[in-house]
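Remember, it's a predicted structure, so these values are computed and weren't measured experimentally. Chain naming here is simple, since letters A, B, ... match the order of the sequence lines and numbering starts at 1 in each.
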Amino acid sequence: MTATAADDGLTIYERSRPGRRAFVAPGLDVPEHPLDDLVPARLRRAETPRLPEVSEPEIVRHYNRLSKRNFDLDTGFYPLGSCTMKHNPKLHERVAALDGHARLHPLQDPRRAQGALELMWRLQESLAAIAGLPHVSLQPSAGSHGELAGVLLTRAFHEDHGERRTKVLTPDTAHGTNPATVTMAGYEVVKVGTDAQGNVDLDDLRAKASDDVACLMLTNPSTLGLFEHGIEEIATIVHEAGATLYYDGANLNAIMGICRPGDMGFDIVHFNLHKSFTQPHGGGGPGAGPIAVSDRIEPYLPRPQVVRRGGADRVPGEDPVFDLDYDRPKSIGRLRGFQGNYGVFVRSYAYIRSLGAAGLRDVSEVAVLNANYLLAKLRAEGVLDHLPVAYERICMHEFVLSGAPMKRDLKIRTLDLAKRLLDHGVHPPTVYFPLLVDEALLIEPTETETKETLDRFAQILVEILREAADDPEIARTAPHTTPVRRLDEAAAARRPVVRQAL
Amino acid sequence: MTATAADDGLTIYERSRPGRRAFVAPGLDVPEHPLDDLVPARLRRAETPRLPEVSEPEIVRHYNRLSKRNFDLDTGFYPLGSCTMKHNPKLHERVAALDGHARLHPLQDPRRAQGALELMWRLQESLAAIAGLPHVSLQPSAGSHGELAGVLLTRAFHEDHGERRTKVLTPDTAHGTNPATVTMAGYEVVKVGTDAQGNVDLDDLRAKASDDVACLMLTNPSTLGLFEHGIEEIATIVHEAGATLYYDGANLNAIMGICRPGDMGFDIVHFNLHKSFTQPHGGGGPGAGPIAVSDRIEPYLPRPQVVRRGGADRVPGEDPVFDLDYDRPKSIGRLRGFQGNYGVFVRSYAYIRSLGAAGLRDVSEVAVLNANYLLAKLRAEGVLDHLPVAYERICMHEFVLSGAPMKRDLKIRTLDLAKRLLDHGVHPPTVYFPLLVDEALLIEPTETETKETLDRFAQILVEILREAADDPEIARTAPHTTPVRRLDEAAAARRPVVRQAL
Amino acid sequence: MLRTIGVASLAELFADIPDHLRLERPLDLDPGRSELEVYEELRALAGRNTSTEDELCFLGAGMYDHYVPALIDSIISRSEFLTPYTPYQPEVSQGGLQAMFEYQTAICELTGLPVSNASVYEGPSAVAAAGYVAKLAHDQPSRSRFVVSRGVHPHSRQALATLAHGWDMEVIEAPLHDGVTELPELDADVSAVIVQQPNFLGAIEDLESLAEAAHDAGALCVAACDPLPLSLLRAPGDCGVDVAVGEGQTLGNRLDFGGPSFGFFAATEALIRRVPGRIAGETVDAEGRRGFVLTLQTREQHIRREKATSNICTAQALNALAGVIYLSWLGRHGIVELTELMLQRTAYARERLTAVAGVHALHDQPVVREFALTLDAPVQAVIDRCAAQGINPGYPLGRDYPEHANGLLVAITEKRTRGHIDRLAAALGEAVAAERSRDADPAGATR
Amino acid sequence: MLRTIGVASLAELFADIPDHLRLERPLDLDPGRSELEVYEELRALAGRNTSTEDELCFLGAGMYDHYVPALIDSIISRSEFLTPYTPYQPEVSQGGLQAMFEYQTAICELTGLPVSNASVYEGPSAVAAAGYVAKLAHDQPSRSRFVVSRGVHPHSRQALATLAHGWDMEVIEAPLHDGVTELPELDADVSAVIVQQPNFLGAIEDLESLAEAAHDAGALCVAACDPLPLSLLRAPGDCGVDVAVGEGQTLGNRLDFGGPSFGFFAATEALIRRVPGRIAGETVDAEGRRGFVLTLQTREQHIRREKATSNICTAQALNALAGVIYLSWLGRHGIVELTELMLQRTAYARERLTAVAGVHALHDQPVVREFALTLDAPVQAVIDRCAAQGINPGYPLGRDYPEHANGLLVAITEKRTRGHIDRLAAALGEAVAAERSRDADPAGATR
Ligand SMILES: Cc1ncc(COP(=O)(O)O)c(C=O)c1O
Ligand SMILES: Cc1ncc(COP(=O)(O)O)c(C=O)c1O
């Protein structure tokens, strides 16, 4: 049911008609030189790029219509595990759009960008406080970029101490970016197992923590939504092997203000500002992946670093001065251009300022409360009979169910359940991750959802399971009410069409 | 088909739960007085107003969901005759939001609001040029407010000349606001007939243009979308009777830069800035209804008037100064607070600046071209067989069909056709107006629509008529795919529920 | 396309326009410009205005510098709210209609009246519209007068007078005594008594006794209200007021140099069929589901034409939407907290400013968010001195109240902190002192 | 809710956290604030930055002060684009996916290459990512060097070096001669030749001969491109370039002090299975209708983990969306008009500025929108003098190019008019003259 205009599903190129346009060029106000005098013909292209020819009203309608083919967090429940799809306060968009932030050139002289540098410095301080680690670099562009920075920092640390290590450990529950990062940083991945309670298998870890291991990358709470019982033991093992302990901060939303990675023994932490700190996800970015590190890692942080000159011992009454410090001889260097995704920093800083310490703690408490409530509710409603929880424990901000019994008994897979959820107007949880759990369903409700929403979600799962018991075909052929039906991904990959033929 | 989240259809009050909130008050930073010392208890209310208790994410989701139950111009075709539903350039929202415009207090000293006053002055000049009448007041809040201003100006004009007239003429094709205005301004309405070609019946006009007539209110092109053949004759008759000729500018979109009401003999013109000059319609406002008048009406214009001091004879090199002129002894007075809907003026001024004279003329040419093309297309497709055009003439920017034959032959009414259009994702044209035409359908495509859209609309009408020939019940029970089905308006009026019981 | 139409040129489409009426030259307008250029021009114009972001603003007098929460922009800029027109087709307009219904509910809660329309233009014209309702309600030419308090916003009084002239009705002013309305003897020729709460000088009126006096004379009582203080004050409906109207700008709308904002219009059940403008009502669809429509349309111009209760058509739907979002954002308790914060800061400001030498309270009535002062110095000169320091101290009363030639109306919102108020007190003190010494020694003074 | 869970307190939910790891005091952060207060604080911080609205900005060097049309804001602020995540569920993500497909098509058109991904982080890291693709493509440890032109953005060279260190690969610099790249002899150990178009000093490179030289040595050719000039210049793909990457900020994204923007990444068909990140592909649904999905996911970390072609996950979808909207807004002819306008104004600026005493062209190569100067005066002092007049004359080259200690890189966009350029010429002339006379007589100088 929809109040929406007809959508013919054309692409913007298919709407193109010769002669239509939106852009009007400002008039030429300088003496005109013949083109050939300015750029020799042999360097010029013969044919203009075939961009669409469309007017403003058509562009607006086109993308408005496209937008209506997207499910969005501002309209519905989006419990996509590991992604922290929580509400992004609208204030953040407003402050990020202020001219002084949005129209600031990245190469503006630091003396004329004091507000931006101070904001970054304060954000660094705040993230350091949250992580319990003293030094922060804001440069990485996303979580995985932060991971890469972290592993390269580890390399630099070891090299600086005359060591050359070749392996990095990742649990078998790890997010795919962890092993991919390891390879990309020039290390070999060694997988560590998970024990029966969903913790890192300490024996396996001990066995693999040899002196060619550079680092253990860990997510805590893990991607199973569980807090590592043996976190301190883990830290000891890793440190005794001379390796660093890396904290994948994707699940930080569970523990803000409750405990700190630095206190657990982590050397390096990345934050996903687009998860815990409300940068809107944008359909797949932008994000930002700042890192916090301990003193021993600090010398290697990327260049440049935002610093406050004068610091604590500055002349009283004199304003502090903020600057970019390039003079970092041991730095791993740059990871990207300029100073990082500043627009994201503005939003995350606004978030932290709005909540303060008490607010951030509330966030994590309610995130964990909501997850446990939903889990309990699903249990009470009998959903867990078909989709048992992977590990019977109090969960943190998310939890994993296994669809294996459902697949066996009701003949629908986790994928089918997910697709059927679409018909109920709910975004499915993360599916088939973590890999460890058969037919996994990873559910993260977040703190910004109401009890009514959680109850309704539980109800929908009940309905889908009941329906599947009657007629599994409905779920197996779902979704039925979306703009397109189930899509053939295999065909797409077999003969890839990645651009429109014009 | 929808990618949209589930919508439970609750009201914001039904989402309320005690203790939830979005707003956080800034801290109290002054010494606190007991409430009773500041406002005696007998003046205070006992119970707080029962506004909803909801959090920001819930508010956002609630109104986002509501928004998805609206059809909008930025997504689909909206040929609502008489309303000029044309594209509103996005630039206008940006410039209207600039702090210097959006956060300017209306009582700011004119010396510190020179930009705003200059903009208003320039808009006055531009509207004067378009109307062909030298003086403009921007004050009225919408078209009908402009009408009221116009009739009160007429009254003031006559009174100033020692006359007291009691009647105002309006054609039977007039928009409802015209007769309503007449009554509200303390006059009696006298209806003038329409001749066989859709023009004002000149004989009837002559017969009724007695010396107790104060004014003729005319829309030209008329609400039939037709240019008055006898416009000059009409002006002569009206003026000879000592009455004023009022131009309802709702249809100005047809003639901008092509001809001017002032040249036709009109004394007073209102503009609908939300129609011809792209203020977005907002679901029913805001708008603005400036008026342009001839020299003889000028002394009575509302107070205050935006003026340029110094004017043409100002000292060369000295900047002109803009001001509010209250010193208008013959003025009809104020119509509203402050200086009018300034935010609307910013948008309309940006529109006129973007287009210039040539662009505005293009607008009207294409508006008329599109209407005539669509009419021709409907004829070619046989639609006019069931829905004949009310008057067989070249139309201006819109045209009227009569659904009477369709009702007789296909057993569906114009209302049914309109409701069935909803299922095709098109907003229906205006229905049952003008009253003169049986089962009227008033279609205004506007200049910002493409030929493809017009062709598709024609095709949809063909399909609906073909379907009705087969099975009229489908249209009669339409719409079928909207968020709600046909609504019971009679029941609503019988036992009005105009607020939620809490 | 011309071929399909069957004409040879565009000009043929305009054949109905007499030749000599056709404009043979371009309109006298500057040539069109690119988006960038128009943006730059409009920005330059904006730059020549001193906005509330550029100075510390204590101006009020009908519109107030409140903070508009960001979620309002984000919602009302959605094309689904921004671009449709009046919901003539309710089946594809449920969003707008339900929002109107929710808005009406909120206005009813604030005013204590059972009926609200979906918006009128703005505050002062809403007062005039209320006058028209009173006229229609009595339907007796003998009820030929409005008694309007001098505490009603001058713009409202003027807007009413403009219309009343067309109705051959007279507007009589009720004076203020010590800042509040003192009604004259009311005769049987009074159609309505019109007051403002809080009044233009910031004072809280005793609505109940005013309404009683009006009713005793058979007249209606109309109150123009500032909506935020209504969260603290007795609801007009509870005081017997028949029609409560007001300016809605403070409810989530920006200042915009005076508009667009919205006016609200609430009334008693008895007046429901006299109310002007759109009203959303609840109903059911063909399948029995709840839905909303424009209702009681037989009041309106498009149905009743010359017999309509008003000529209003396009109103202020988008602004009223901002209003109901704002009220939801504040919420039941937030609105009280906000108002109490203003109340306390206003009390502080009143104390601080009246302690300044040469500055006196104009009246001592309880106030909520605005109060009137008189200065022992020329108010305009004092304002100019403050402006030079980046402070706009308030609205000079002289033009509207010659009896308070050096009166100054000072408004407080949640944006004005104690620190701001202290800065104002200092600036005002300096300015008044400077002007007084200048007065004392006019020859030697320079400005 | 606790009751349903079956615990007595919130604390029980955190029982898995060892006691002494639990923080017993609040985090060391300032207390939370109301929306208004946070807004005011962020506004104050913004006010301490000199934005391109506050001065006349000729800074470029990788990001440019272009006009972003208003329709982009209006579209990308729609929650349907702003708030979802990566389109893992294509059936409810067709909007985002189709936009990616359209974006990819536009990038292919600009670069003349058949494959584009849906975005990478930004420009310099895209160069590093291209290096990784070259490494993967050769899959031979013997190809252990990147030859990178000194005309490549210093940030790109540094980002590549940071990663190459992890790959045990060496980065060799190819010098510039008269402003353009002069390749050294290329051996069989070269993995890729990496150049920039136009290069960092604004000069147009002869991509074809560079690509040929790379291919002759069995190396790939990577070009980092400024996308707008590509509308005028020979497409990298046509010149034989294997991978074209670049910074997308200029395509409808704001400056944001350096991010978020997006990087684009285009490649030959041969490299399609090496490309990093998301790629949208066309397919059909169960009913045979066209639809779009993320495709070739076996390249990606979530499927292939340690064997993935990159670790990238969250990229820059919203910024790339702005990019394709911008390109649609410009359109096929508009993009050329825009570039030609910049070209002509740049030519004018180059003439005007090199006519200033003490200002010289750093090279004479053809340029499109940016050019390098050398000054006969300390460049930083000159910049500061211009800044005092509200003009930011450009980027000083000294830090990155010590050989051009007083080099200045000047960028032109459609926002910089002839009048602006004339103002720059005047300010630069004055500043250089002042610094030269100060140099001549350092004792007597004051600044
Ligand atoms: C556990 C975990 N680690 C790392 C990442 C990668 O973060 P990003 O997408 O910001 O690169 C994710 C993202 O989904 C994640 O869930
Ligand atoms: C012909 C005509 N006249 C007058 C009006 C009234 O204008 P407004 O709605 O701006 O008051 C309209 C509005 O629809 C109209 O179509």
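- Side chain of E122(D) to backbone of G337(A): a donor-acceptor contact under 3.5 angstrom is found.
- Of the possible donor and acceptor atoms, none in the side chain of N49(D) sits under 3.5 Å from a partner among the backbone N and O of L104(A).
- A donor-acceptor distance shorter than 3.5 angstrom exists from the side chain of N70(A) to the backbone of G96(D), with no hydrogens or angles considered.
- The line from OG1 of T4(D) to CG of L375(A) is 11.5 Å long, rounded to the nearest 0.5 Å.
- No side-chain heavy atom of V38(D) sits under 4.5 Å from any side-chain heavy atom of V95(A).
- Between Q344(D) and L38(A) the shortest side-chain heavy-atom distance falls below 4.5 Å.
- For chain A, the option among D73(D), L2(D), I279(D), L163(D) with the highest count of heavy-atom pairs below 4.5 Å is L163(D).
- Y121(D) approaches A142(A) most closely through the heavy-atom pair CE2-CB, 3.6 Å.
- In this structure, no portion of A380(A) lies under 4.5 Å from any heavy atom of chain D.
- For the atom pair OG of S328(D) and OH of Y13(A), the computed distance is 6.0 Å after rounding to the nearest 0.5 Å.
- Proximity to chain D involves both the backbone and the side chain of N372(A), based on heavy atoms less than 4.5 angstrom apart.
- Checking R332(D) against T48(A) by side-chain atom types alone, a donor-acceptor pair falls below 3.5 Å.
- For the pair R499(A) and F101(D), the cation-pi criterion (under 6.0 Å, within 45° of the ring axis) is not fulfilled.
- Every residue two or more places apart in sequence or in another chain that forms a side-chain contact (heavy atoms from CB on, under 4.5 Å) with R234(D) is listed here: E208(D), D238(D), C239(D).
- For the residue pair D99(A) and S51(D), no side-chain donor N or O sits within less than 3.5 Å of a side-chain acceptor on the partner.
- Residues R112(A) and D54(D) are not paired through a salt bridge, judged by the lack of any N-O separation under 4.0 Å between the basic side chain and the carboxylate.
- For a residue to count as touching a neighbouring chain, one of its non-hydrogen atoms must lie under 4.5 Å from one of that chain's; by this rule A128(D) does not touch chain A.
- Nearest heavy atom pair, residue P366(D) against residue P40(A), reads CG-CD, 3.8 Å.
- With a 4.5 Å cut-off on non-hydrogen atoms, Y326(A) touches chain D through its side chain but not through its backbone.
- The aromatic rings of H274(A) and Y85(D) sit tilted, their planes meeting at an angle between 30° and 60°.
- P18(D) is linked by a side-chain contact (heavy atoms from CB on, under 4.5 Å) to F227(A), I231(A), E232(A), H20(D), L21(D), counting only residues two or more places apart in sequence or in another chain.
- Between the side chains of N311(D) and E147(A), no donor N or O sits under 3.5 Å from an acceptor N or O.
- A donor-acceptor pair is defined here as one N or O able to donate and one able to accept, closer than 3.5 Å; no such pair exists between the side chain of D72(A) and the backbone of T83(D).
- Listed here is the closest heavy atom pair of H175(A) and C313(D): CE1-SG, 4.0 Å.
- A donor and an acceptor atom, one from each side chain of Y63(A) and E80(D), are nowhere located under 3.5 Å apart.
- Of the possible polar contacts, none joining the R304(D) side chain to the A180(A) backbone as a donor-acceptor pair under 3.5 Å is found.
- Formation of a donor-acceptor pair under 3.5 Å by the R20(A) side chain with backbone atoms of G331(D) is not found in this model.
- At a cut-off of 3.5 Å, with distance as the only test, a side-chain donor of R78(D) or S67(A) sits close to an acceptor on the other residue.
- A donor-acceptor pair under 3.5 Å is formed between the side chain of T105(D) and the backbone N or O of Q500(A).
- The parts of R353(A) that come within reach of chain D are both its backbone and its side chain, each placing non-hydrogen atoms under 4.5 angstrom from that chain.
- Proximity to chain D (any heavy atom under 4.5 Å) is shown, for R42(A), by both the backbone and the side chain.
- Partner of E91(D) under the salt bridge (charged side-chain N to carboxylate O under 4.0 Å, His left out) criterion, out of R486(A), K419(A), R485(A): K419(A) alone.
- At least one side-chain heavy atom of L10(D) sits under 4.5 Å from a side-chain heavy atom of L369(A).
- Between the side chains of D256(D) and H101(A), no donor-acceptor pair of N or O atoms lies under 3.5 Å.
- Residues L232(D) and R45(A) form no side-chain contact, since every pair of their non-hydrogen atoms from C-beta on lies 4.5 Å or further apart.
- A donor-acceptor pair under 3.5 Å is absent between the side-chain atoms of W167(D) and the main chain of G186(A), judged by distance alone.
- When side chains are defined from C-beta on, H33(A) does not count as touching Y348(D), because their heavy atoms never get closer than 4.5 Å.
- The candidate with the highest count of non-hydrogen atom pairs below 4.5 Å against chain A, out of H302(D), H153(D), E340(D), is E340(D).
- H105(A) contributes no side-chain N or O that, together with a main-chain N or O of F257(D), makes up a donor-acceptor pair within less than 3.5 Å.
- With R334(A) contributing its side chain and Q158(D) its backbone, the two residues share no donor-acceptor pair below 3.5 Å.
- We find the SG-CG distance between C259(A) and L23(D) to be 8.0 Å, quoted to the nearest 0.5 Å.
- With rounding to the nearest 0.5 angstrom, the CG atom of L27(D) is 7.0 Å from the CZ atom of R260(A).
- Using modelled atom types, one finds no donor on one side chain facing an acceptor on the other under 3.5 Å when comparing Q94(D) with R69(A).
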